[in-house]
Number of protein chains: 2
Amino acid sequence: MSDGKRFLKQATQTDVAQAAGVSTATVSRVLNGSLLVRDEVRARVEAAISALGYIPHESARSLATRRSRALGAVIPTLNNAIFASGVNALEQAARERGYSLVISISNYDLDLEAVLVRQMIERGVDGLMLVGNDHTAAARALLATTRLRHICAWAWAEDAASPNIGFDNAAAMAEVVDHLVADGYRRIAMLAGPTAGNDRARDRVQGAVKRLAGHGLSLVNLIETPYSIREARAAAIPLLAARPDAVICGNDVIAFGVHFAAREAGLAIPDDIAITGFDDLTLTAELSPAITTVTVPAAEMGRLCAQHLIDAIETDTDPVSLRLDTRLVIRQTTRAASGAIGLP
Amino acid sequence: MSDGKRFLKQATQTDVAQAAGVSTATVSRVLNGSLLVRDEVRARVEAAISALGYIPHESARSLATRRSRALGAVIPTLNNAIFASGVNALEQAARERGYSLVISISNYDLDLEAVLVRQMIERGVDGLMLVGNDHTAAARALLATTRLRHICAWAWAEDAASPNIGFDNAAAMAEVVDHLVADGYRRIAMLAGPTAGNDRARDRVQGAVKRLAGHGLSLVNLIETPYSIREARAAAIPLLAARPDAVICGNDVIAFGVHFAAREAGLAIPDDIAITGFDDLTLTAELSPAITTVTVPAAEMGRLCAQHLIDAIETDTDPVSLRLDTRLVIRQTTRAASGAIGLP
DNA sequence: CAAAAGAATGTAAGCGCATACAATGTCTGA
DNA sequence: TCAGACATTGTATGCGCTTACATTCTTTTG
């Protein structure tokens, strides 16, 4: 701004105090809803506030109170609807309680995540949501020494180092396996997400592998692919070479890719090949055939993270873990189970 | 935290100064990369910093410098991949320049948006991204009196009140109309998004209506629906009652709904009915038949907003408008145009 | 070699707010 | 009517940092 007006001084609490003929302490009291201000004085202050267009300065307040009334979220990406939905809910719930949300995107890079955690601490967020239980030692150390309240969402583990609000990825995948096996599928393959530095993806693989073993089976093929329809579609080609009769996908995006690849290969779903997803994105239900998948409480995780973080902040306690449920939604990419219920 | 350790005092600049045997000014200089610090002293300070695990306090810095190094974004929702993608890119680009991002979600509610803008100002963001050109007088007044640098994205208008980084929604839709008309479609209907308080949705309708008029045509039916597959699918039923031979959809989500509704009604796409979307979400290309739609530079808008806001902040200038291009992507839900090119 | 110039560091004054504590004012009951 | 209790307001300090200005230490130059 070359007109010099950019730095036109915003009204400050002192200005309001002068205009209202009171001290700054009283203005502060009015602003913070203190009860011990006479109505007449309060009215005068409020009049001055709106006359001057006074807007409080949150940084100054944070400095004085050592509270920022802000939450942080470090997530892998927003380009997956499941995270977008979680962050959306997190923001809504935080705002309802008067908290802002600052977000950072790690691109599934744990070293970057550690840097972002540090920045969140610099910003002075009062609470932080992370995704999963895989974090670098650096990140853990930062969290530990600063004692920043945080919750790791999207996962749930008995022995998690941090409070978890999420679900058991392995257990959810085991349920998928049970369904497939009960349905008569035996040659099961898996197209997983990248497992390096991603406990959720790893747990899903492990959950499937172990439960298969329980049934005396093993994966006929296991490939990892990035979370993109296009790449999953390409990865499906070699995967299908093993002639599986069912493909377990690491998430719905991958399932979309396999779905399209199978259709292109002229395979009948679910008779030639069954497909299962994970997340229950809106489109899984609409596609034809509709995809059997696992419902994940994304929005609920976001909401609960906000609430529990803020509760912990305001009551000066530690956030606690919460194990949420997933639900297998059987649709048309797997045969209706004949005897799924009651199976081991 | 009942163990009282929650308030374990974080090391402060003063602590570092003492440990290094220098003044706080020197520590500050080291932190901010000032050149006039001897290497030997700098090393001592840096040693003290890491020994104490010192983490700078951004609020204090903001208070002293009157800069927050944070950008804000107020968006309608994250539950639409197009906004999620834009915010994702915004964050990445901001971070590359050392800026944080705080986001708020308005749910397409302009009054709420004004409140959120105010909160952004309180937070002291240095720049703000908004969506579209429809804003309340209250929001505009806040922006004007505080002179907060901001860019309205996702839209572009000659006479926009604020800098725009976006595209001409009406022109993009006009192109869709040209394509349909050139293709021989004449009974064209439109399933639009909610136009109240949404200039983008309104421009898309206007753009279609006006261009149709240019061809001597008018919409055989026009219905508005929320941006959800399910609701669009339901709204498609009455819309199809007008027996259109083509349906222009306000965005891809709506197009998905119409796509499924048409399939369910046993209509052949594109022969019985053509469908066009808007946004070019990943899935539009994968669905069968693949949806003809308009490519929108969502990630680019996010990236450009970050860059131009930060440039404006750091050079003390005003952000400028940028008109971006959209592109009609003809796929399988419309007949291949026989003579689209060269048409009026 | 002394003085002037320049480089490196320190001193101290806020930035805008909240809040402990002090100082008033008001009301109660005897 | 007055002491005491309580309600209301003001005073003044500090949150952790940056930065203009002052000071000290080096170097350069005549």
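Per chain, numbering begins at 1; letters A, B, ... match sequence-line order.
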Within the 4.0 Å heavy-atom criterion, would you say T65(A) contacts the bases, only the backbone, or no part of the nucleic acid?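 Result for T65(A) = sugar-phosphate.
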
With a 4.0 Å cut-off on heavy atoms, is V27(A) in touch with a base, just the backbone sugar-phosphate, or nothing at all? nothing

Rounded to whole Å, please give me the gap between [atom1] in [X] and [atom2] in [N].
X: L31(A); N: dC17(C); atom1: CG; atom2: P; result: 8 Å
X: R44(A); N: dT8(D); atom1: CZ; atom2: P; result: 14 Å
X: R67(A); N: dG16(D); atom1: CZ; atom2: P; result: 15 Å
X: N32(A); N: dG16(C); atom1: CG; atom2: P; result: 17 Å
X: D39(A); N: dA7(D); atom1: CG; atom2: C1'; result: 13 Å
X: H57(A); N: dC15(C); atom1: NE2; atom2: P; result: 11 Å
X: Q18(A); N: dT9(D); atom1: CD; atom2: C1'; result: 17 Å
X: E40(A); N: dT26(C); atom1: CD; atom2: P; result: 12 Å

Using a cut-off of less than 4.0 Å, is there contact between a side-chain N or O of [X] and OP1 or OP2 of [N]?
X: S59(A); N: dC15(C); value: no
X: S62(A); N: dC15(D); value: no
X: R61(B); N: dT18(D); value: yes
X: S28(B); N: dT18(D); value: yes
X: R66(B); N: dC15(C); value: no
X: Q13(B); N: dT18(D); value: yes

Strictly under 6.0 Å, is that where the ring centroids of F167(B) and W154(B) end up?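 For F167(B) and W154(B), the ring centres are not under 6.0 Å apart.
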
From [options], nucleotide with atom closest to [X] side chain:
X: T24(B); options: dG16(C), dG10(D), dT18(D); answer: dT18(D)
X: A25(A); options: dT11(D), dC17(D), dT8(D); answer: dT11(D)
X: R38(B); options: dT9(C), dT8(D), dT18(D); answer: dT9(C)
X: L36(B); options: dA8(C), dA12(D), dC17(D); answer: dA8(C)
X: T12(B); options: dT9(C), dC17(D), dG10(C); answer: dC17(D)

Closest nucleotide of DNA chain D for R29(B) versus for E58(B): which of these residues is on the 5' side?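 First, find each residue's nearest nucleotide; the 5'-ward one identifies E58(B).
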
Judged by each residue's nearest nucleotide on DNA chain C, which is more toward the 5′ side, A64(A) or L63(B)?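 Nearer the 5' end of the strand: L63(B).
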
Is there a donor-acceptor contact under 3.5 Å linking the side chains of N198(A) and D134(A)?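 No pair is found: no donor N or O on one side chain lies under 3.5 Å from an acceptor on the other.
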
Of all residues at least two apart in sequence or in a different chain, which pass the side chain to side chain contact (heavy atoms under 4.5 Å, CB included) check with R44(A)? V22(A), E40(A), V41(A)

Please round to the nearest 0.5 Å and tell me the distance separating atom CE of M120(A) and atom CG of L71(A). 9.5 Å

Return the CG to CD1 distance between L101(A) and I103(B), rounded to the nearest 0.5 Å. 5.5 Å

Ignoring hydrogens, what is the shortest heavy-atom contact between G124(A) and S68(A)? Give both atom names and the distance.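 For G124(A) versus S68(A), the nearest heavy atoms are O-OG, 2.6 Å.
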
